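Fair warning: this is a prediction, and the values are worked out from it, not measured in the lab. Numbered from 1 within each chain, the chains take letters A, B, ... in sequence-line order. These numbers come from the heavy atoms of this one structure, side chains and all, not from hydrogens, waters or symmetry mates.
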Number of protein chains: 2
Amino acid sequence: MARVRKTVTIRDVAEDAGVSLQTVSRVVNGGPNVRPQLRDKVQAAIDRLGYVPSLAAQRMSGSRSYIILAINDRERTLADWRERRGTDWVDQMLLGGILTCSKHGYRMMVELVDTHSDHVERELGAALSALQPDGVILTPPHSENRLITALLAERKIPFARIGSNAPGPGIAMTMGDEGAAHLATSRLIELGHRRIAMIAGPAQYSLSGWRVSGWRRALAEAGLPHEGLLEAGDFGYESGTRAARALLTRNPDLTAIIASSDQMALAALEVTRDRGLAVPRDLSLISFDNTPIVRFSQPPLTAVDQPIAETVSRAVEQLIARGEERDDDAVIEVAAGLVERSSTAPAPGTA
Amino acid sequence: MARVRKTVTIRDVAEDAGVSLQTVSRVVNGGPNVRPQLRDKVQAAIDRLGYVPSLAAQRMSGSRSYIILAINDRERTLADWRERRGTDWVDQMLLGGILTCSKHGYRMMVELVDTHSDHVERELGAALSALQPDGVILTPPHSENRLITALLAERKIPFARIGSNAPGPGIAMTMGDEGAAHLATSRLIELGHRRIAMIAGPAQYSLSGWRVSGWRRALAEAGLPHEGLLEAGDFGYESGTRAARALLTRNPDLTAIIASSDQMALAALEVTRDRGLAVPRDLSLISFDNTPIVRFSQPPLTAVDQPIAETVSRAVEQLIARGEERDDDAVIEVAAGLVERSSTAPAPGTA
DNA sequence: ACCGAAATTGTGACCGTTCACAAATGGAAT
DNA sequence: ATTCCATTTGTGAACGGTCACAATTTCGGT
């Protein structure tokens with residue numbers, strides 16, 4: 001353990017090993033064409049001195065910055081968002097990304113930007129100039145923001161759009177919302193349900209639309225109607241209450257509800273309870289997101305599991321790989337799964 | 001909106017404004033001794049070109065890095081931790097820190113290190129060399145790790161230890177665990193409870209000890225015994241189940257339990273229900289942490305609210321302020337509060 | 001032993017910014 | 001006007017790396 005007083009630079013290593021700076025640089029970066037013998041000698045010096053290249057200096061001299069920038073919404077992130085969808089989403093996203101970055105020698109930096117369009121361009125532009133990241137990850141609701149994607153495309157920085165199903169500039173990382181909704185709906189149909197309602201998310205998120213599509217497609221495939229079975233919320237609890245009430249009032253024969261967020265599902269659970277209906281005996285319930293909360297409700301909810309951590313992780317890997325490559329757009333799907341708990345059961349009156 | 005092709009450097013601005021690099025630098029950094037007229041002219045050029053100084057270059061030339069490094073435990077963070085204490089802790093910490101950093105023109109970077117002591121020094125040392133942060137935030141269980149604090153002290157990097165009550169090197173940011181436990185216990189005593197048990201956290205976290213102390217002190221002040229009323233868990237659900245069972249079996253006259261984590265409190269809730277006891281009619285329950293989960297249990301739990309976001313936020317501000325100052329150690333307390341919900345009530349048989 | 005190409009190593013310039021210091025300018029006092 | 005000092009501006013040298021390219025070594029084939 002060498003005692004480190006001042007920062008150890010590549011020069012110190014070069015001197016210690018009796019070689020040139022360039023050689024040390026080659027060893028550090030695993031460059032080719034270094035004789036094994038010399039490489040070992042230099043490596044020994046590096047270890048002895050505890051040398052670690054300075055990220056700042058590396059970036060200065062034209063190499064990569066080894067930074068992935070994750071763009072999050074400032075307002076929604078902390079207050080709004082956590083109230084509505086549970087905090088888990090942000091958490092998983094961060095940790096999935098950070099973990100994967102660290103695995104590849106990269107670092108993830110979180111940048112919070114305002115939703116207000118004027119500022120977005122400014123703020124993001126400043127962040128890009130200051131940090132010069134090798135890649136950017138866009139999270140909802142910025143995943144499909146034209147101004148942002150245009151800015152990134154112009155600067156030729158590879159970027160991934162999380163939770164966006166639409167092809168377009170950058171890499172779209174979808175969690176297969178259409179398919180997931182289809183899966184959940186199909187499962188309910190399989191259990192004998194015929195009147196299956198959906199509480200959708202707000203239209204501003206395109207995933208809301210995709211989930212509705214998946215639900216509708218599954219119903220259509222089974223020859224079931226969807227009229228009057230759709231209500232929209234804003235992912236939050238109160239909106240779920242409203243939607244559930246409307247649905248149950250309008251459709252007394254309802255036997256299943258799919259909610260586009262855990263909070264809205266919990267609200268629906270509360271509403272059904274108030275009306276004297278038992279879940280899952282009288283009504284089955286499936287939620288989206290599968291945050292930790294739904295494991296502790298009575299009963300625990302069956303939920304569509306959005307593989308957020310894995311999605312972000314894959315996004316990071318894509319960006320890193322795109323480092324030198326051409327920036328071909330793509331849509332990558334990470335499949336969602338259905339975690340069956342106790343809020344789903346065969347439809348009433350079924351064998 | 002100037003169209004940005006290549007990165008705008010300080011040179012471009014200097015040229016555009018017809019001044020020297022140094023002058024631009026002065027304007028950017030709010031340096032003294034620049035004539036207002038010139039300053040405006042330069043500022044105009046900066047705005048027009050959309051210039052933002054490169055963090056890397058700034059760091060290179062001896063200025064600060066404007067980076068705060070938050071050290072988290074790799075294993076516990078993702079898997080273990082979230083299972084045991086709910087994911088909220090990490091989330092709040094990150095966002096509290098990130099938000100505050102961004103407010104001051106700093107950025108927060110999360111570094112995950114292994115718990116295994118050999119690696120910690122290496123990993124952290126590498127991170128410090130690579131990033132050269134202006135400050136470091138240590139989170140449990142690293143807040144009191146000797147190797148880490150020694151390393152930071154040696155490198156003279158200001159650092160804050162979150163959730164540590166003990167004075168020592170660096171700034172200790174305590175959330176007043178002793179006081180919080182005392183507060184919760186006192187409230188129960190006030191409600192007429194006489195047999196108040198505690199499910200403590202694992203000994204490896206010093207906050208566990210402090211919470212026990214606060215509980216004990218409150219009991220002592222009221223002349224109540226604490227013998228046989230203490231069980232320890234590991235913050236996780238299962239351990240809470242075990243502890244609650246042991247406590248209830250050993251003390252049939254128990255009327256209140258304080259749990260050192262939300263998960264353990266939920267477990268205790270489940271156990272009391274199994275035994276035919278109603279909360280809060282027969283038994284009052286208070287948990288620690290106040291993660292979103294406890295709002296959705298039946299009944300919603302009264303909980304000690306750990307002001308994590310604020311604590312980290314304050315820590316960041318301390319570190320930034322310490323930038324140039326002397327590194328005097330300190331213990332700063334951010335008081336916890338009690339959020340009363342429906343799991344606490346007057347003791348059975350009380351007026 | 002000799003030649004040439006391939007493999008290995010070294011050299012200088014440069015990345016974008018700030019630092020210490022030198023130069024120029026301004027204004028008050030003489 | 002002149003002198004002098006304080007204020008304002010400019011200059012060259014770092015900072016710690018990498019890049020392009022030049023110099024050197026190695027080695028197979030003759």
Which whole-number value in Å describes the distance from [X] [atom1] to [N] [atom2]?
X      : N      : atom1 : atom2 : answer
B:R11  : C:dT17 : CZ    : P     : 8 Å
A:N33  : D:dC19 : CG    : P     : 14 Å
B:L131 : D:dG16 : CG    : P     : 16 Å
B:Q132 : C:dT18 : CD    : P     : 16 Å
B:R64  : C:dT17 : CZ    : P     : 18 Å
B:L49  : C:dG16 : CG    : P     : 14 Å
B:M60  : C:dC15 : CE    : P     : 13 Å
B:Q58  : D:dG16 : CD    : C1'   : 16 Å

Between the main-chain N or O of [Y] and the side-chain N or O of [X], is there a donor-acceptor pair closer than 3.5 Å?
X      : Y      : answer
B:N72  : B:L112 : no
A:R161 : A:A166 : yes
A:S63  : A:R59  : no

Residues [X] and [Y]: side-chain donor-acceptor under 3.5 angstrom:
X      : Y      : value
A:E144 : A:S164 : yes
B:S313 : B:T100 : yes
B:Q132 : B:S65  : no
B:R155 : A:T7   : no

Sugar-phosphate, base or nothing in reach of A:R59, heavy atoms under 4.0 Å: nothing
Sugar-phosphate, base or nothing in reach of B:V34, heavy atoms under 4.0 Å: sugar-phosphate
A:N29 side chain near D:dT18 phosphate (N/O to OP1/OP2, under 4.0 Å): yes
Difference in axis direction between the ends of the helix from C:dA1-D:dT30 to C:dT30-D:dA1, five pairs, 10°: 40°
Considering only distance and modelled atom types, tabulate donor-acceptor pairs under 3.5 Å from the side chains of residues 21-34 of chain B, sequence neighbours left out.
residue : atom : partner : partner atom : Å
B:T23   : OG1  : B:S20   : OG           : 3.1
B:S25   : OG   : B:N29   : ND2          : 3.4
B:N29   : ND2  : B:S25   : O            : 3.1

5' priority, DNA chain C, between B:Y51 and B:R26 [closest heavy atom]: B:Y51
Nearest-nucleotide comparison on DNA chain C, the residue closer to the 5′ end among A:L38 and B:R35: A:L38
Heavy-atom closest pair, residues B:E123 and B:D114: OE2-N, 2.9 Å
B:S61 (side chain) and C:dT17 (base): donor-acceptor pair under 3.5 Å: yes
For DNA chain D, the residues among residues 13-23 of chain A that have a non-hydrogen atom under 4.0 Å from it: A:Q22
